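Throughout, numbering of the chain's residues begins at 1 and tracks the sequence. If you're wondering where the values come from, they're calculated on a predicted model, not measured in any experiment.
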Amino acid sequence: MTTLFGSDIFLQPKLLLHRKTKVSDLTLYWLFLIGVTSGARLEEIGQAHVADIRRRDGVLHIDIDVYVANDGTSDQIQGKSIKNDDSRRLVPIHDRVMEIGFERYVYGLRNAGLPLLFPDLAPNGFFERYVYGLRNAGLPLLFPDLAPNGFSKVTQEASRRANRLIDAVVTDDPRLVFHSFRHTFKDVGREADIQERILDQLCGHSPTSVGGAYGSGVGLPSLKRNLDKLAFDAVDWNAIVTAAAFIDWDDVIGKLKARVTDS
């Protein structure tokens, strides 16, 4: 993780929208930072709407669910999916991600009228819009095998880009991919003496013990306190926070909106 999070994408924020790729470095930036500090699946993060970022009991969190809030002002709202019922959960935002400026990023998206947390992950093609339209209407897909297990993939290209970055700056070992962060998250959590049931709740895993199957889980404040105990010491957080201090989020989001509109 030291090499990955010490690469230019995290330490040269002026370049976040420099490359004209379908999925921007800006999107990869947040996907990596949230992924490593939350244990969430790539698709769970990537399909999130701005409306899914909420504050309750003083805790900013991502609401991972299939519910879609649409005020009727945008045609960009897309459907969401989850892997299974255990995947429905509230995931607090780690203090380190807050320090980097995640809340300012979300605020900028709201002000710009962008409904998706990652606007460049919106489905663009005719067929993709057709499929999402069917799903939003509660109709089955015309070709069910395009969405195996009912877990749709708006992050296919993001996954390819993320894994290519890992190959380029860390290792081309095919075993090390974005999904590896979920295993790292649990390992770091165990080293911090976080209870397994809390790690399961954060990751959206089914309880592995009989006792873990009972109860509705711990509340957001407790989840947040436990999450922030995970230090991820292999990451030079001070360097990333220092670099992020130079980001003008309003300017970056304005450029992102123009880029998405033109695509």
Do [X] and [Y] have side-chain heavy atoms sitting under 4.5 Å apart?
X      : Y      : value
Leu33  : Phe102 : no
Leu16  : Ser24  : no
Ile34  : Ile62  : yes
Val106 : Leu117 : yes
Val218 : Arg197 : yes
Pro119 : Leu256 : yes
Leu17  : Val252 : yes
Phe185 : Leu227 : yes

So which atom in [X] and which in [Y] form the shortest heavy-atom distance, rounded to 0.1 Å?
X      : Y      : result
Arg54  : Asp63  : NH1-OD2, 2.8 Å
Ile53  : Arg110 : O-NH2, 2.7 Å
Ala243 : Pro13  : O-CG, 3.2 Å
Ala40  : Ile45  : CB-CG1, 3.8 Å
Val23  : Ala158 : CG2-N, 3.9 Å

Do the charged groups of Lys186 and Asp200 touch, with an N to O distance under 4.0 Å?
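A salt bridge is present here (some side-chain N lies under 4.0 Å from a carboxylate O).
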
Looking at Arg164 and Glu157, does any basic side-chain N land under 4.0 Å from a carboxylate oxygen?
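Salt bridge between Arg164 and Glu157, a charged N being under 4.0 Å from a carboxylate O: yes.
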
Could you tell me whether a side-chain N or O of [X] sits under 3.5 Å from a main-chain N or O of [Y], the two making a donor and an acceptor?
X      : Y      : result
Ser180 : Val177 : yes
Arg89  : Ile64  : no
Asn226 : Leu223 : no
Asp236 : Thr2   : no
Glu43  : Thr155 : yes
Asp57  : Pro221 : no
Lys257 : Ala112 : yes
His179 : Arg41  : no
Arg182 : Cys203 : yes
Tyr105 : Ile253 : no

Could you go step by step and tell me if His61 and Val91 meet the side-chain contact (heavy atoms from CB on, under 4.5 Å) rule?
CA-CA 5 Å; His61 62 279; Val91 178; 5.8 Å; no

Please tell me whether [X] and [Y] are part of a single hydrophobic cluster in this structure, the criterion being side-chain heavy atoms less than 4.5 Å apart.
X      : Y      : value
Ile247 : Leu15  : no
Leu230 : Ile198 : yes
Val188 : Leu176 : yes
Tyr107 : Ile93  : no
Leu90  : Ile194 : no

Residues Leu4, Val235; criterion side-chain contact (heavy atoms from CB on, under 4.5 Å); working and verdict
CA-CA 9 Å; Leu4 175 63; Val235 178; over 6 Å; no

Determine whether the side chains of Arg161 and Thr21 contain a donor N or O and an acceptor N or O closer than 3.5 Å.
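There is such a pair (donor and acceptor under 3.5 Å, judged by atom type) between the side chains of Arg161 and Thr21.
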
Taking atom [atom1] of [X] and atom [atom2] of [Y], what is their separation to the nearest 0.5 Å?
X      : Y      : atom1 : atom2 : result
Trp249 : Asn111 : CH2   : CG    : 14.5 Å
Arg259 : Lys255 : CZ    : NZ    : 11.5 Å
Phe232 : Arg96  : CZ    : CZ    : 11.0 Å
Thr37  : Asp228 : OG1   : CG    : 9.5 Å
Asn163 : Leu42  : CG    : CG    : 8.5 Å
Ile100 : Phe10  : CD1   : CZ    : 8.5 Å

Has His183 got more than 12 heavy atoms of other residues, nucleotides or ligands less than 6.0 Å from its NE2?
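Check passes, neighbour count above 12.
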
Go through the steps for Val154 and Phe118 under the test side-chain contact (heavy atoms from CB on, under 4.5 Å), then give the verdict.
CA-CA 10 Å; Val154 301; Phe118 305 108; over 6 Å; no

With respect to Phe5, which candidate in Val170, Leu11, Val169, Ile240 satisfies the side-chain contact (heavy atoms from CB on, under 4.5 Å) definition?
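When side-chain contact (heavy atoms from CB on, under 4.5 Å) is applied between Phe5 and each of Val170, Leu11, Val169, Ile240, only Ile240 qualifies.
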
Please work out whether the ring planes of Trp237 and His94 are parallel, tilted or perpendicular, with thresholds of 30° and 60°.
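Trp237 and His94: parallel rings.
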
Qualifying residue, where the test is salt bridge (Lys or Arg N to Asp or Glu O under 4.0 Å) with Asp95 and the options are Lys224, Lys229, Arg225
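With Asp95 as partner, Lys224, Lys229, Arg225 yield a single salt bridge (Lys or Arg N to Asp or Glu O under 4.0 Å), made by Lys224.
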
